[in-house]
Amino acid sequence: NLDTLQNRKEAEDILMKKIDSFGVRQFLLKNLSRKKEGGYSWKMNLSAIHQHYKEILASIDGEPIDCDSLFIRGGKSSYIEKEDIFKIQQLFPNAQIRTIEDAGHWVHAEKPKELLELIQNFLN
């Protein structure tokens, strides 16, 4: 109950009982916002995420897009799997798919220098 939550430590303790991943817990905690009148609220639209979660996880569809595209994935993440690469290449025929081996899903937080280098090389 976010209205009765006293502090972020209490929120973290509650999340630890349900979520093993430290990174996921930290992501969720960063999305908590303290309300002036007390308690907390989510910065994200949690009800929309919950309501449309299957759609969020669904495969992408559409007509191919003929422009240069860059997909960056973490080597420790299962967000873009090997079997997804064929579909990406169908929809984005000029796509480059790069992997940062020692990163998980949050590449920007785990390997910011490597991510920036890949982006700069792509843009140049």
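Under the 4.5 Å side-chain criterion, counting only non-hydrogen atoms from C-beta, Val107 is not in contact with Leu118. Side-chain contact between Lys111 and Asp102: present, with at least one pair of heavy atoms (C-beta onward) separated by less than 4.5 Å. Tyr53 has its side chain within reach of Ile49: a pair of non-hydrogen atoms, C-beta onward, lies under 4.5 Å apart.
Expressed to the nearest 0.5 Å, how far NE2 of His105 lies from CZ of Arg73 amounts to 13.5 Å. From Ile119, atom CD1 reaches atom CZ of Arg98 across 13.0 Å, with rounding to the nearest 0.5 Å. Atom CH2 of Trp42 sits about 11.0 Å away from atom OG of Ser33, to the nearest 0.5 Å.
Note on Phe27 and Ile14: same hydrophobic cluster, where clusters join Ile, Leu, Val, Met, Phe, Trp and Tyr whose side-chain heavy atoms are under 4.5 Å apart, directly or indirectly. Linking ILVMFWY residues whenever their side-chain heavy atoms come closer than 4.5 Å, directly or via other members, leaves Ile97 and Leu116 in distinct clusters.
Within 6.0 Å of atom CG in Asn45, more than 12 heavy atoms from other residues, nucleotides or ligands are found, so the atom counts as buried in its surroundings.
With 3.5 Å as the limit, one finds no donor-acceptor pair spanning the side chains of Asp61 and Ser59.
Ion pair Lys17/Asp13 not flagged as a salt bridge, since none of the NZ, NE, NH1 or NH2 atoms sits closer than 4.0 Å to an Asp/Glu carboxylate oxygen.
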Inset, instruction - Before giving the answer on salt bridge (Lys or Arg N to Asp or Glu O under 4.0 Å), spell out for Asp3 and Lys35 the whole-Å C-alpha distance, their side-chain angles and the decisive distance to 0.1 Å. - result: CA-CA 9 Å; Asp3 290 329; Lys35 298 191 300 188; 2.7 Å; yes
